[in-house]
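Worksheet for the structure shown next.
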There are 4 protein chains.
Amino acid sequence: MSCNASAALPLQQANPAMVRDTGKTSAAEKINIGVLGASGYTGSEVLRLLAVHPYFRVTLTTADRKAGQSIASIFPHLVSQDLPNMVAVKDADFSKVDAVFCCLPHGTTQEIIASLPSSLKVVDLSADFRLRDVKEYEEWYNRPHGAVGLQKEAIYGLTELHREAVATARLVANPGCYPTSVQLPLVPLLEAKLISTEGIIIDAKSGVSGAGRSAKESNLYTEISEGMNAYGIAKHRHVPEIEQELSAASSCAVKVSFTPHLIPMSRGMQSTIYVQILQGVSVDDLHEHLSKRFQDEEFVIVLPKGVIPHTRNVRGSNYCHLNVFEDRITGRAIIISVIDNLVKGASGQAVQNMNLMMNYDESTGLLQQPMFP
Amino acid sequence: MSCNASAALPLQQANPAMVRDTGKTSAAEKINIGVLGASGYTGSEVLRLLAVHPYFRVTLTTADRKAGQSIASIFPHLVSQDLPNMVAVKDADFSKVDAVFCCLPHGTTQEIIASLPSSLKVVDLSADFRLRDVKEYEEWYNRPHGAVGLQKEAIYGLTELHREAVATARLVANPGCYPTSVQLPLVPLLEAKLISTEGIIIDAKSGVSGAGRSAKESNLYTEISEGMNAYGIAKHRHVPEIEQELSAASSCAVKVSFTPHLIPMSRGMQSTIYVQILQGVSVDDLHEHLSKRFQDEEFVIVLPKGVIPHTRNVRGSNYCHLNVFEDRITGRAIIISVIDNLVKGASGQAVQNMNLMMNYDESTGLLQQPMFP
Amino acid sequence: MSCNASAALPLQQANPAMVRDTGKTSAAEKINIGVLGASGYTGSEVLRLLAVHPYFRVTLTTADRKAGQSIASIFPHLVSQDLPNMVAVKDADFSKVDAVFCCLPHGTTQEIIASLPSSLKVVDLSADFRLRDVKEYEEWYNRPHGAVGLQKEAIYGLTELHREAVATARLVANPGCYPTSVQLPLVPLLEAKLISTEGIIIDAKSGVSGAGRSAKESNLYTEISEGMNAYGIAKHRHVPEIEQELSAASSCAVKVSFTPHLIPMSRGMQSTIYVQILQGVSVDDLHEHLSKRFQDEEFVIVLPKGVIPHTRNVRGSNYCHLNVFEDRITGRAIIISVIDNLVKGASGQAVQNMNLMMNYDESTGLLQQPMFP
Amino acid sequence: MSCNASAALPLQQANPAMVRDTGKTSAAEKINIGVLGASGYTGSEVLRLLAVHPYFRVTLTTADRKAGQSIASIFPHLVSQDLPNMVAVKDADFSKVDAVFCCLPHGTTQEIIASLPSSLKVVDLSADFRLRDVKEYEEWYNRPHGAVGLQKEAIYGLTELHREAVATARLVANPGCYPTSVQLPLVPLLEAKLISTEGIIIDAKSGVSGAGRSAKESNLYTEISEGMNAYGIAKHRHVPEIEQELSAASSCAVKVSFTPHLIPMSRGMQSTIYVQILQGVSVDDLHEHLSKRFQDEEFVIVLPKGVIPHTRNVRGSNYCHLNVFEDRITGRAIIISVIDNLVKGASGQAVQNMNLMMNYDESTGLLQQPMFP
């Protein structure tokens with residue numbers, strides 16, 4: 001059931017989540033949401049965001065290894081929420097679900113989504129449908145693509161750049177975190193041919209939640225605290241996704257240098273991007289172009305000249321802060337983009353996409369401000 | 001202008017903050033809020049919470065040393081908010097303000113509040129009106145009380161325990177953080193005479209934001225990280241406040257042992273309270289009594305038996321999690337209470353009180369779930 | 001005045017670990033050390049401390065699941081050290097080993113130590129030989145004691161309190177971290193009958209390294225950072241050990257309230273101990289008694305009155321800082337004891353004991369100062 | 001085999017710092033050290049390192065604003081050390097001092113060092129003598145050079161690269177932290193003409209201790225924790241120092257892109273350096289050249305191919321770990337260099353230099369291994 005806010009929900013029917021529900025809003029106005037793979041951080045983050053969403057109500061949660069358990073038992077921060085216990089995916093009843101956030105790991109996701117009723121709207125937070133070229137997927141993920149047919153209809157969901165396609169999509173491939181932070185500044189600059197497609201160097205930094213909730217020695221508190229390190233040098237799986245989108249924006253093949261680093265913090269992501277400016281273009285031109293491009297956007301904020309973006313200033317929110325700086329080396333600029341890897345880098349962007357797909361204002365349920373300190 | 005949600009704002013006028021404002025809600029339905037002392041953490045936290053409050057709109061911010069500056073210039077995490085620049089208190093125009101959150105340090109607060117128009121509703125987040133006994137204030141704060149007359153009308157605002165008085169108050173003294181975390185479990189148990197008034201030992205732990213934003217060497221990142229310590233042993237200013245309330249609950253003078261500790265985290269507070277259970281009372285009785293007392297409360301959650309409260313499970317939210325455990329020593333129990341020191345310990349409780357004072361549902365604007373990880 | 005080492009201190013005479021080893025020191029002067037269970041934090045911490053020990057040379061490391069691997073491959077911070085690769089315990093050649101640090105988990109340790117050549121000196125860092133009462137061990141560890149005979153000869157190794165016994169021991173049971181921090185102040189005060197054996201309340205705090213290097217979800221960075229919590233309430237395995245020693249010091253059965261808390265830091269431990277002072281005794285008496293008791297000790301420092309111990313001030317070192325404070329409640333005192341849980345709480349104390357057992361100055365190799373910030 | 005120190009190593013021969021000093025070592029064998037500006041982190045770090053130095057004994061500490069205070073009162077982690085109280089520089093008696101570590105801020109340092117007795121050996125940890133071109137100093141530090149004469153004799157003290165000059169120097173300008181981490185890998189590669197002098201991009205990351213102990217709001221725990229940000233973009237004062245040395249190595253003017261970032265940790269520094277490899281050179285060639293260049297060095301360790309340096313693996317030590325990786329973009333390489341900014345980036349390198357200047361083995365007192373976790 002699709003739903004249009006201005007038509008189907010006149011103000012008198014509005015049911016603000018920030019005001020206690022008096023029960024007067026009819027159930028028919030709520031969208032029934034399923035969260036598959038609710039036991040990981042992107043899943044719990046979707047649940048946290050939806051807790052204050054006026055129109056989305058979670059009626060299904062799945063997690064195969066935790067089937068039968070309550071959400072509160074694995075995520076006690078959500079104890080005040082009335083959420084359905086988790087079931088195994090194979091036992092899920094989709095008949096009463098309108099739309100699904102799929103937060104499963106890459107790999108099995110393709111088969112699972114392919115098996116869902118085709119009436120369901122789906123936002124997939126895994127990497128399984130992000131790469132348009134099935135061969136590229138197979139090369140980087142070491143397995144055959146499990147839903148080649150579906151791949152064709154999947155829409156790459158970087159909202160600010162593809163909102164028309166997202167709004168009419170049935171299946172949205174939610175972008176990766178690093179790719180989101182990189183594309184927001186670079187795609188407009190490449191499309192406008194203001195920066196070179198050559199020699200783009202991305203030095204990226206991420207908090208640890210990006211690694212997920214798996215019990216791995218390398219992600220123990222003691223292994224992370226008071227130290228940092230690069231990882232996945234020159235072979236991180238976000239590279240093909242970044243290059244796919246930058247190439248599309250440039251209408252030619254773009255290859256980037258991409259080096260991620262693990263930072264001792266739970267949330268936060270920064271991409272420091274070193275670019276060459278094209279002849280006749282100044283750093284001020286870059287700043288101006290991005291400012292114009294995003295001036296009507298809620299979630300992408302180009303800061304005033306000289307103001308440095310901090311990851312802490314978008315923590316817990318769906319915002320992205322950007323800025324451009326002159327480099328010491330002539331003809332080069334430094335672009336800084338910060339997001340919260342779990343929100344704009346995953347679950348927040350997913351909710352933003354789902355809002356569009358279900359015909360609500362894109363920012364619905366996403367206006368909580370960043371949390372600082 | 002007082003405002004009653006069920007009468008004055010029929011659902012069709014509801015203006016949910018989580019849905020974009022179409023401009024159809026008339027300005028008359030918004031309460032104009034002033035935040036005095038907006039340059040500290042409790043001030044910025046009020047601003048963060050009010051960003052998604054459907055009825056409170058900030059129309060005035062003051063901060064003497066930052067007069068003329070924008071909020072975003074000192075709190076860039078609020079850059080997306082349209083907030084008035086800060087002015088000096090003496091230059092503030094209160095004629096268009098309905099209510100005020102006073103986030104100034106103790107000391108000058110009394111004089112400033114005494115000078116405000118008496119039609120203003122005021123929630124004071126400082127300690128300046130918390131102690132009913134003016135002599136006690138003078139002894140602990142080393143200065144004469146600057147508004148003795150006002151002290152009489154000030155209502156101590158621990159919402160769950162004093163909501164009727166808060167609802168009709170003009171001036172609410174918002175409780176301190178440690179006292180909030182201690183009173184929520186102890187006041188009901190003392191009132192019901194289930195625990196002894198003797199030998200109450202409180203070992204409290206707090207994140208660093210409780211120390212505020214003053215540039216002090218002892219609060220530098222390098223001085224705090226990877227270490228912890230007790231402070232203010234046997235002489236913390238929250239002691240008279242705690243004892244005032246526990247004594248009122250017990251109808252006799254209660255003296256506590258109270259030792260706060262500084263923990264390397266920004267937010268979070270835990271009180272581990274060691275009590276003697278009275279004859280004939282079991283730990284289960286304590287758990288049951290608290291569960292009943294708080295069962296209809298949104299923000300106070302007594303966890304199932306055996307489940308340990310974690311500060312991280314209430315981070316960024318107005319929730320308090322409680323539980324009671326049997327001690328190894330017969331006749332003793334261990335009570336654990338966790339809150340976010342900036343939210344339920346300060347700004348969240350302030351908004352909760354102001355909601356009551358302005359006749360809204362207490363939980364308005366406070367239903368964001370804790371942020372984890 | 002410049003000073004030339006080669007003139008004033010002929011090379012064959014000087015062999016400080018802090019000066020490069022020219023190889024002229026005869027092998028006979030070095031003690032060959034084995035580290036069993038070198039793949040955990042206590043094992044790596046022994047290796048780190050021994051790197052600058054003038055007389056102990058590591059000639060054997062074992063770790064069953066990492067057999068064949070180099071130490072540097074699992075602990076890259078030790079990459080500059082020339083250490084033998086790990087072997088499985090069953091493949092270890094003890095013929096060229098003089099003494100062993102056993103850093104294996106409790107459980108199998110008893111059998112393994114029982115199987116070692118009886119000529120070896122052994123310091124066991126597990127809990128397997130700490131409890132003198134075999135039945136107590138079986139009750140708390142849910143398994144039968146695997147080396148009852150050996151238990152009789154095991155010496156409990158809290159160095160400052162039992163050094164004579166340690167010096168002549170063949171098998172030393174190295175104390176647990178919390179018990180070490182608790183006993184150092186309490187045993188002297190109980191022996192001197194200055195404090196009551198009743199109502200001892202220990203609120204303890206520890207960094208995460210105490211949990212070891214096992215990949216458990218609860219110890220992930222994201223699960224720990226920016227939050228704290230109690231754990232093991234009223235049932236922590238260190239309780240019988242603490243009570244065994246406090247009872248021995250008091251010549252009567254002592255029961256304590258003991259509540260450990262997990263703090264977001266890697267290293268550090270604080271015990272805040274609430275005691276009742278006996279009649280006629282003042283807090284100053286307690287301070288004076290401890291000051292005298294420890295005045296000749298290198299590693300136990302009673303701070304000047306009023307100075308609060310911080311865990312950060314002993315980080316990475318074998319020091320313990322103590323102090324006593326007057327409580328607000330008459331007749332009570334608050335004792336604070338801080339150590340580094342991996343050093344004085346485990347591996348440092350183990351080296352300290354081994355020094356004694358091998359007839360060296362107790363502080364050999366342990367004089368590195370705490371690391372701050 | 002037990003071993004008795006008193007038999008095998010007569011006391012007058014052994015004087016290791018890791019063995020208790022029985023007082024038999026003659027005072028004549030100790031070098032008297034002064035630490036000017038002992039109240040900051042580089043000063044306290046020198047004191048920490050010298051605590052276990054067999055030949056350097058601190059006989060003077062100065063700190064103008066703390067004159068009269070004990071070191072332990074401002075750095076309680078050094079409470080076990082017997083150090084002279086701080087005096088004002090103007091009251092310092094240099095007659096009994098052989099050598100001085102100057103840890104004062106840039107600015108006044110030049111005048112102060114110029115006023116010291118010329119017989120003193122001096123290692124200056126500030127920036128005041130690092131730039132050979134006095135005009136460059138004046139441009140970047142906004143003040144005239146206060147000791148132009150001395151500048152000529154000052155030796156730039158990156159030990160591994162300039163040890164002959166350091167050994168005979170009277171005044172050593174100790175390098176900055178970022179410049180140290182950058183030069184160690186780049187100078188050898190530039191000298192050998194293996195990488196281009198063009199397009200060197202340095203994305204650097206540092207812990208907070210690099211900012212010092214000044215009470216600045218931006219360095220408060222709450223302002224730093226759980227977030228990161230770039231700073232000093234394209235205008236950091238380490239740029240002229242880096243370019244001076246890289247230009248000298250290349251025999252032509254080198255300009256770099258240098259962007260430092262503040263990371264939420266106290267210690268640690270990583271430079272991720274993006275370079276172009278010259279024609280006919282492979283990444284393996286770079287790795288091989290660096291491996292050979294540093295194979296006999298104690299403190300510079302080129303890790304095996306593919307092993308990623310982590311700042312945590314050198315924490316608290318004087319070590320630098322390096323490695324070289326192939327970039328995704330043809331003809332480019334990624335060099336990673338990690339140090340502890342307070343040790344190899346400041347005080348450790350200072351002690352290393354002083355050892356040389358006083359004719360001791362360079363590594364004396366610096367062999368403590370990194371501390372992990």
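So you know, we letter chains A, B, ... as the sequences are listed, proteins then strands, and number each from 1.
Residue A:F372 touches chain D through its side chain alone, counting heavy-atom pairs closer than 4.5 Å. Only the backbone of D:P309 comes within contact range of chain A, with heavy atoms under 4.5 Å apart. Neither the backbone nor the side chain of D:V338 comes within less than 4.5 Å of any heavy atom of chain A.
Contact of the A:N229 side chain with the D:R312 side chain is registered, since non-hydrogen atoms from C-beta on lie closer than 4.5 Å.
By number of non-hydrogen pairs under 4.5 angstrom with chain A, the leading residue of D:I334, D:I224, D:N313, D:I263 is D:I224. When the candidates A:E226, A:E223, A:H310, A:M265 are compared by the number of heavy-atom contacts under 4.5 Å with chain D, A:E226 comes out ahead. Of the listed residues (D:L220, D:V256, D:V314, D:I336), the one with the most heavy-atom contacts under 4.5 Å to chain A is D:V256. Contacts with chain D were tallied for A:R267, A:H261, A:K235; A:H261 has the most, counting heavy-atom pairs under 4.5 Å. Of the listed residues (A:A234, A:G207, A:P264), the one with the most heavy-atom contacts under 4.5 Å to chain D is A:P264.
Residue-level contacts of residues 269-278 of chain A with chain D, in order of numbering, are A:Q270, A:T272, A:Y274; threshold 4.5 Å between heavy atoms. Of all residues spanning residues 197-204 of chain D, those with a heavy atom less than 4.5 Å away from chain A's heavy atoms are D:G199, D:I200, D:I201, D:I202, D:D203, arranged by number.
Put simply, the side chain of A:T222 never gets that close to the backbone of D:P373: no donor and acceptor are under 3.5 Å apart. Looking at D:R332, its side chain never comes within 3.5 Å of a backbone N or O of A:S257 through a donor-acceptor pair. Although no hydrogens or angles enter the test, the distance criterion places a donor-acceptor pair under 3.5 Å between the side chain of D:T311 and the main chain of A:M228.
With respect to the salt-bridge test (charged N to carboxylate O, under 4.0 angstrom), the residues D:R328 and A:E243 qualify.
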